Amino acid sequence: VQRRVHGEPTLANRLSFTWRRAASAMFVTSMSTMCSFLANASSAIPAISTFGIFAAMLILVNYFAVIIYYPTVVAVFDTRFSSKPFCCGLLEKLKLRRAANPTEKGRVESWFGSKYCDGFILLHTKKVFFLFLVILCIFLGFASQIEPDPNQPQFLPDGNNFQEFRPRKSKYFSRGGSVFAIEI
């Protein structure tokens, strides 16, 4: 049931409508991001595994903060602070200026709208597209010549546990066998 005050929906109606639509969309995106970070948890490198778990939990906490905390902040601002002058009345001055001339464009808007888009992009569309294709071909040519480094870089000193992990794993645990196939 939509309750209206002076023809406008109430704050509760607006927040409810927005929250219902946004929460499901944010849930899907947050869960897919969280699952991608959780895939790192199966890594054999402890730092990557730990980072994956940490980032997944961070995404989960962020999701709950956005769907619980943010609407609360919006409601408090709308009920307590929206009627008070903001930053010495600067916001009100900007609103009055926009209301007096709503079609007036700022400097950046007029430059992008007239000089850049109409004056450059529309006149030189084919040239810009051709330049993009040339640059793309150059990049693809260089990318096709990339080869892996035969000598893997050593980031940590010899004797460090993380540096010695992979060689010891391949030496003592048979590849593809069970965990119990240990050479002694």
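If you're wondering where the values come from, they're calculated on a predicted model, not measured in any experiment.
Both Met26 and Ile68 are members of a single hydrophobic cluster when ILVMFWY side chains are connected at heavy-atom separations under 4.5 Å. There is a path of hydrophobic side-chain contacts, each under 4.5 Å, that joins Leu60 to Val66. Both Met34 and Phe37 are members of a single hydrophobic cluster when ILVMFWY side chains are connected at heavy-atom separations under 4.5 Å. A continuous path of Ile, Leu, Val, Met, Phe, Trp and Tyr side chains, each step under 4.5 Å between heavy atoms, connects Ile138 with Phe130, placing both in one hydrophobic cluster. No continuous path of hydrophobic side-chain contacts links Ile45 to Ile53 [ILVMFWY only; heavy atoms under 4.5 Å].
Between Arg14 and Asp78, the shortest heavy-atom distance links the atoms NH2-OD2, 3.7 Å. Annotation for Leu15 and Pro71: closest pair CD1-O, 4.0 Å, computed over non-hydrogen atoms. Here the shortest heavy-atom pairing between Ser49 and Ala41 reads OG-O, 3.0 Å.
The CD1 atom of Ile67 lies 9.0 Å from the OG atom of Ser30; values are rounded to the nearest 0.5 Å. Taking CG of Leu136 as the start and CZ of Phe129 as the end, the distance is 9.5 Å to the nearest 0.5 Å. Taken to the nearest 0.5 Å, the SG atom of Cys35 stands 12.0 Å off from the CG atom of Asn40. One finds the OG1 atom of Thr33 at 11.0 Å from the CG atom of Leu38 (value rounded to the nearest 0.5 Å). Atoms CZ and CZ, from Phe142 and Phe139 in turn, are 9.0 Å apart once rounded to the nearest 0.5 Å. For the atom pair Phe27 CZ and Phe64 CZ, the distance stands at 8.0 Å (nearest 0.5 Å).
The main-chain N or O of Ala47 is never found under 3.5 Å from a side-chain atom of Thr50 such that the two would form a donor-acceptor pair. One N or O on the side chain of Thr79 and one on the backbone of Val76 form a donor-acceptor pair closer than 3.5 Å.
Checking Arg20 against Ser16 by side-chain atom types alone, a donor-acceptor pair falls below 3.5 Å. Side-chain contact check for Thr10 and Asn13: at least one donor-acceptor pair (N or O, by modelled atom type) lies under 3.5 Å.
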Could you go through the side chain to side chain contact (heavy atoms under 4.5 Å, CB included) check for Ile59 and Met31 one step at a time? CA-CA 8 Å; Ile59 297 294; Met31 288 305 121; over 6 Å; no
